[in-house]
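Report on the structure given below.
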Amino acid sequence: MNHQTIAIIGLGYVGLPLALEFGKRYPTIGFDVNAKRICELKNRHDSNLQASDEDFLKAKFLRFCHEEDGIQDAQIYIIAVPTPIDTYKKPDISALLNASSLVGKFLKIGDIVIYESTTYPTCTEQNCVPVLEATSGLVYNQDFFVGYSPERINPGDRQNTLTNIVKITSGSTPAAAKQIDALYASIITAGTHLAPSIKVAEATKAIENAQRDINIALMNELAIIFERLGIDTQDVLEAARTKWNFLPFTPGLVGGHCIGVDPYYLIHIAASFGYHPKIIATGRYINDLMPAFIAQKMVKLLSKNAIPALNANILILGVTFKENCPDIRNSKIPEVRQELLDFGCNVAIYDPLADKNEVKKIYGFEMLDTPVWAEQEAGKKTSSETTKATMIEKTGKKTRYDGIILAVAHKSFETINPHELLGENGVIYDLKGFFGRKAHARL
Ligand SMILES: NC(=O)c1ccc[n+]([C@@H]2O[C@H](COP(=O)([O-])OP(=O)(O)OC[C@H]3O[C@@H](n4cnc5c(N)ncnc54)[C@H](O)[C@@H]3O)[C@@H](O)[C@H]2O)c1
């Protein structure tokens, strides 16, 4: 195994940590279709904020490439490309098939291809292997072998990282499975769990995220019920958690590329086998309702304080899909923003972790440079959004918001005193319990 070269295809949140870890021990090639990404990695910079300069230096056998034929010397290919959903919430496995087609071009007798991307059970063997066979002209389980090893890392989490989370492994033959398991066991200190088949390994990943989605959906449903009853959900959960077997989930927006996406992969494959999941689909339904619920609640809070929604100035703190992480994929904040705009509010968003240009490119709006946007930006009048912001000057010299939504609990927000930003009768709606009793309402 030691002499074999590993190629990692796709160097995002999953692929880069793998490449860096394998690159400490084995000749490793990191390939990505995104030339900008390769350029930054060659300069030992990771815009996902996961890897440090030291991590790059430790990976002394790793080299990065953008040229397709750069991967031709590998014997083990690990594919970690995105698996999103389309606008109809159907799995989009095009990147997986493109990566398979690329690997197929260079596949040699005895090579192994391992898939790490999250997908539905059966996808690897039913969808990807045929592409490998077609492009390579080789025969599956005779000339080349396949494995599936789902990734369990948690972006922004410095404790649960690649090497200290047990890794599920699997292979298309007992010998391939053993070889794949040994490969991962050589870098994962927490150990590996060899699943009996590729399908089992695929299903394991899918249900981990579906379970989490459903648990959060239950909390969100409780938040909807308790809002009607005038009960603070967080107070209820705090009390309930004193029971030993009460699961400590909390309500919230479910964004990102995993929890809010992967259940649709399971729904898709179940439906194609004639079963239409109810619980999984309802979990998705409830979680997708939350942006509208949150916006409505904000408007109700304003009304209670005699502030009309029309032209109310709202600041949203946080746009990334989770705390302390720059990832903006499938963020639900743009939906909250849109709902508030539909009510006639002016909405400003501040998030020091998110890339402003990416937010503009993907979601089409400008973000603030500081939470006290209007004070600083009002004079510039560079865009229509900024011009709108001048309305926030209405209280005179000092900028004041009518409402603040704490949407993401970034550590850096600890330095913000929301009351300093708030106008008379303004309200703080804290989705994360971040501001404690400083907030007027919690989710
Ligand atoms: N991010 C996580 O925490 C996490 C955790 C577990 C599983 N996953 C799963 O892992 C997979 C990858 O997720 P990610 O977060 O690393 O995505 P990402 O978007 O951060 O990175 C994917 C990379 O793949 C590259 N890419 C796209 N198509 C390619 C192709 N055909 N060939 C080569 N490179 C290509 C992209 O340029 C990008 O750099 C997904 O299936 C995701 O669901 C992600």
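All values below were derived from every heavy atom in this structure, side-chain atoms included, with hydrogens, water molecules and symmetry-related copies excluded. Model, not experiment: these values are computed from the prediction.
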Does [atom1] belonging to [X] count more than 12 external heavy atoms closer than 6.0 Å?
X	atom1	value
Gln159	CD	no
Lys411	NZ	no
Ile362	CD1	yes
Arg329	CZ	yes
Lys42	NZ	yes

Taking the side chain as everything from C-beta on, heavy atoms only, tell me whether [X] gets closer than 4.5 Å to [Y].
X	Y	result
Cys65	Ile29	yes
Tyr115	Ser100	yes
Asn98	Val81	no
Thr250	Lys432	no
Asp355	Ser47	no

For a ring pair (Phe, Tyr, Trp, His ring centres under 6.0 Å) check, start with the C-alpha distance between Phe22 and Tyr184, then their side-chain angles and the critical distance, and finish with the verdict. CA-CA 9 Å; Phe22 279 121; Tyr184 282 104; 5.8 Å; yes

Donor-acceptor pair, distance only, cut-off 3.5 Å: does the side chain of [X] make one with the backbone of [Y]?
X	Y	value
Arg152	Val166	yes
Thr189	Thr163	yes
Tyr265	Pro84	yes
Asn287	Asn220	no
Gln234	Leu443	yes
Lys24	Lys58	no
His410	Glu323	no
His419	Lys438	yes
Glu67	Asp69	no
Tyr363	Ile328	yes

Assess whether side chain to side chain contact (heavy atoms under 4.5 Å, CB included) is satisfied between Gln126 and Ile269, documenting all intermediate values. CA-CA 12 Å; Gln126 298 298 318; Ile269 195 65; over 6 Å; no

With the threshold set at 4.0 Å, does a side-chain nitrogen-carboxylate oxygen contact exist between [X] and [Y]?
X	Y	answer
Asp342	Arg337	no
Lys332	Asp288	yes
Asp327	Lys322	no

Under 3.5 Å side-chain donor-acceptor pair for [X] and [Y]:
X	Y	value
Asn215	Gln211	no
Asn141	Ser172	yes
Tyr140	Glu125	yes
Asp55	Ser52	yes
Tyr120	Ser272	no

Geometric class of the Phe321/His257 ring pair [parallel <30°, tilted 30-60°, perpendicular >60°]: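 Plane angle over 60°, so perpendicular.
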
Working to the nearest 0.5 Å, report the span between [atom1] of [X] and [atom2] of [Y].
X	Y	atom1	atom2	answer
Arg25	Lys60	CZ	NZ	10.0 Å
Ser149	Leu194	OG	CG	10.0 Å
Lys205	Thr118	NZ	OG1	4.5 Å
Glu21	Thr28	CD	OG1	10.0 Å
Glu238	Asp232	CD	CG	9.0 Å
Phe64	Leu41	CZ	CG	4.5 Å

What closest approach, in Å, do [X] and [Y] show between heavy atoms, and which atom pair accounts for it?
X	Y	result
Tyr401	Leu368	OH-CD1, 3.7 Å
Ile85	Gly260	CD1-O, 4.5 Å
Ala281	Ile267	CA-CD1, 3.8 Å
Val261	Thr83	CG1-O, 3.8 Å
Met298	Ile404	CE-N, 4.0 Å
Leu431	Ile294	CD1-CD1, 3.7 Å

Applying salt bridge (charged side-chain N to carboxylate O under 4.0 Å, His left out) to Asp235 and Arg442, what does each step give before you reach the verdict? CA-CA 9 Å; Asp235 285 342; Arg442 303 190 285 181; 2.7 Å; yes

Side chain to side chain contact (heavy atoms under 4.5 Å, CB included) evaluation trace for Phe144 with Glu133: CA-CA 9 Å; Phe144 72 93; Glu133 283 191 310; 3.8 Å; yes

Report the C-alpha distance between Lys199 and Glu202 in whole Å, list the side-chain angles of each, state the deciding distance to 0.1 Å, and finish with yes or no for salt bridge (charged side-chain N to carboxylate O under 4.0 Å, His left out). CA-CA 5 Å; Lys199 269 197 281 196; Glu202 290 169 324; over 6 Å; no

After noting the C-alpha distance and the side-chain angles of Ile93 and Cys123, does the key distance pass the side chain to side chain contact (heavy atoms under 4.5 Å, CB included) rule? CA-CA 9 Å; Ile93 59 166; Cys123 179; 4.1 Å; yes

Set out, in order, the CA-CA distance, both residues' side-chain angles and the distance that settles side chain to side chain contact (heavy atoms under 4.5 Å, CB included) for Glu40 and Asp46, then state yes or no. CA-CA 7 Å; Glu40 69 170 42; Asp46 173 20; 4.3 Å; yes

